[in-house]
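One structure is given here, and the rest of the page talks about it.
Treat the numbers as computed from the prediction; the structure is a model and nothing was measured. Note on naming: letters A, B, ... go to the chains in the order of the sequence lines (proteins, then strands), and numbering restarts at 1 for each one. Excluded from the calculations below are hydrogen atoms, water molecules and symmetry mates; all remaining heavy atoms, backbone and side chain alike, are included.
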Amino acid sequence: MSLKVYNVLTRTKQDFVPLTPGVVKMYACGITVSGDAHVGHAYQSVVFDVITRYLRYLGYDVKYVRNYTDVDDKIIANAARAGIDPIAFAEKYMHQTDAEMDALGNAHPTIMARATECIDDIINFVQRLIDSNHAYVSPFGDVYFKLDSFPFYGKLSHIKTDKNDSGVRKDTEPGKQNDLDFALWKSAKPGEIAWKSPWGMGRPGWHIECSAMNLKYLGEQIDIHGGGRDLIFPHHENEITQSESLTGKQFAKYWIHCGLVKINGQKMSKSLGNGILLKDVLAKYDADTIRFALLRNTYAADIDITDNLMPESRRHVYKMYSTLAALRGRDFSGADVAKTDEKIAEIRDAFEHAMDDNFNTLEVIAAAFGWFNFINTEMAKKSTEYDLARIADKIRELFGVLNILQHDPVEYIDNIKSGVLKQNGLSAADIDAYISERAVAKQNKDWAMADKIRAELLAKNIVLHDGPDGTTWDVNL
RNA sequence: GGCCAGGUGGCAGAGUGGUUAUGCAGAGGACUGCAAAUCCUUGUAUGCCGGUUCGAUUCCGACCCUGGCCUCCA
């Protein structure tokens, strides 16, 4: 099987065939740094991180460009409110977001582009659109794209502009020749941050920076352009319009959009103010847990972040690591090599089958429940024909594409455990003392006392396991 | 009004023209002093109405309903 990708442009699932064999040029719209990153940004960044990793897993040479839009109306407004220079303001949130993306476990894109570092490219782009009669300068120093000049407007979003009731908002701004025209360059109001241009002091419009950065870093044509679904219109539609007007060539071959984040069933948006900040999630949960939660979903569907999503994900991840940790020190030297190889091949095929189907990480995780169940079952037997350590290594290798389960299992478990202990004011020695005390009670068949000790610890999220070799403890997540 | 997505078992949520999603919760069992963990077994579903078909949850059409976009948004 080969990779199939749902292309929003054609509204079909298509075989993935890059423009140049073996090479993938991908651009995903990053963040306008007007404040703290939220879980929607986290979702989108993880989705495209995993797409990049899987393309590389398949052997493609991937060039992944991601941008920060670091100048726009909201940044200017928020910076003014904070009493900070907008450049410094944007920079602060850019660095903060970089650190959060690292903490989330995202690999660095090949290039992190910044709008303000591409002002010359943007001006050049706009000038070429003016020269080719696709744009015009208003009497007020703004530059607008002339929508009439591009006959394919709406090819991505299917918005129609020829009907009066099409629903497209028609801003009436002084200087616009047509209400549907959109700004490429905005003239500066007094005191606003601005750059020198042939049309006076001003700054880029919203959509142009992505077109200019694409051209600068990836060229006229790219394989994959991505972003959140909310960007399809008008942002991506306008990008296509600008870029294809300039080059006369198809801009992006595949358009990939991830779903949006809902919070307990309600759409998350800036206007509703119900956003969950990424930094708050990172303060409570580790990257494995967050990625597991986000990837246990098909990327194109909206993801509902319910109150129990993260806790449940943490339990699953913890259980997987527990299985991996339990394999430590086991001897599988007598295992059947051929049988083990067969199992490994089966796991790899299931993984690739799922990922080839439009990056179906949900299916990967569903299959993984079965793989871990298999290991647990075999481990519970007196003896097994399989080299479970090698099978586990393969699972971990495949999960590298999701960047989950990449920590040392024992260290991961210890970290989670010590976190719970700390929260409950306990130490491992305390628990050992309880267990010894309880062992005495058990020996005396003082079940009431034994149960009381067990209940006390459970109240502190410590659960005891009585086994043939004595009592062990674990955290109750 | 325009565009788009979707309606699946108690809940969440996939795939699939005829056969198991998966997870959580539930039931029974092994194990245990009783538990827990782990493992085994297990029940309930495809909005409504037509059509195509030997056969549709899966394709087509109508209807009902929900959600998103059409303002800044990943």
For A/M310 and B/G23, what is the distance between atoms CE and C1' respectively, to the nearest whole Å?
16 Å

Among the candidates B/C39, B/A74, B/A14, find the nucleotide nearest to the side-chain atoms of A/N376.
B/C39

When the C1' atoms of B/A56 and B/U46 are compared, how many Å lie between them, rounded to an integer?
11 Å

Taking atom P in both B/C65 and B/A27, compute the distance separating them and give it to the nearest angstrom.
38 Å

Is a side-chain N or O of A/Q44 found less than 3.5 angstrom from the main chain of A/C258, in a donor-acceptor match?
no

How about A/H236 and A/H207: are their ring centroids closer than 6.0 Å?
no

Would you mind reading off the distance between A/N360 atom CG and B/G23 atom C1', rounded to a whole angstrom?
15 Å

Minimum-distance nucleotide to A/H158 side chain [options: B/C34, B/C3, B/G23]
B/C3

Nearest whole angstrom, please: distance from the P of B/C3 to the NZ of A/K155.
20 Å

Among B/C70, B/A74, B/C72, which nucleotide has an atom closest to any side-chain atom of A/K74?
B/C72

Any N/O donor-acceptor pair, A/D302 side-chain to B/G67 base, under 3.5 Å:
no

Separation between the C1' atoms of B/C11 and B/A45, rounded to whole Å:
13 Å

Out of B/G33, B/C72, B/U22, minimum distance to the side chain of A/A366 belongs to B/U22

Measuring from the side chain of A/F233 (C-beta onward, heavy atoms only), which nucleotide among B/C69, B/C40, B/G23 has the closest atom?
B/C69

Would you measure the distance from the C1' atom in B/U44 across to the matching atom in B/A36 and give it in whole Å?
28 Å

Can you tell me if A/M449 has over 12 outside heavy atoms packed within less than 6.0 Å of its CE?
no

Along RNA chain B (nearest heavy atom to each residue), the more 5'-positioned of A/I31 and A/N373
A/N373

On a whole-Å scale, what distance lies between the C1' atoms belonging to B/C64 and B/C48?
7 Å

Would you say a side-chain N or O of A/H465 is under 4.0 Å from OP1 or OP2 of B/A37?
no

Provide the distance between the two C1' atoms, one in B/C70 and one in B/U58, to the nearest whole Å.
31 Å

For the base of B/G23 and the side-chain ring of A/F369, does the geometry meet a stacking cutoff of under 5.5 Å between centres and under 30° between planes?
no

C1'-based separation of B/A5 from B/A14 [nearest Å]
16 Å

Closest to the A/D466 side chain: B/G33, B/A14, B/C4?
B/G33

State whether A/K381 and A/E378 are salt-bridged, where the test is any N-O pair (Lys NZ or Arg NE/NH1/NH2 against Asp/Glu carboxylate O) under 4.0 Å.
yes

Ignoring the backbone of A/H316, work out which of B/G23, B/G15, B/G33 is nearest its side chain.
B/G23

Of the listed nucleotides (B/A14, B/C40, B/G68), which one gets closest to any side-chain atom of A/T377?
B/C40

Counting heavy atoms from C-beta on, name the nucleotide in B/C4, B/G23, B/A14 closest to the side chain of A/R11.
B/C4

Using the rule given for side chain to side chain contact (heavy atoms under 4.5 Å, CB included), can you reason through A/F89 versus A/D70, listing the C-alpha separation, both sets of side-chain angles and the distance that settles it, and then say yes or no?
CA-CA 9 Å; A/F89 180 91; A/D70 55 352; over 6 Å; no

Could you tell me the separation between the NE2 atom of A/H207 and the C1' atom of B/U71, rounded to a whole number of Å?
11 Å

Measure the distance from CZ on A/R229 to C1' on B/C3 and round it to the nearest whole Å.
13 Å

Looking only at the side chain of A/C29 (C-beta and beyond, no hydrogens), which of the listed nucleotides B/A36, B/U38, B/A74 gets closest?
B/A74

Hey, what's the ring geometry for A/W255 with A/H225, parallel, tilted or perpendicular (30° and 60° as the breaks)?
parallel

Atom CG of A/D73 and atom P of B/U71 are separated, to the nearest Å, by 16 Å

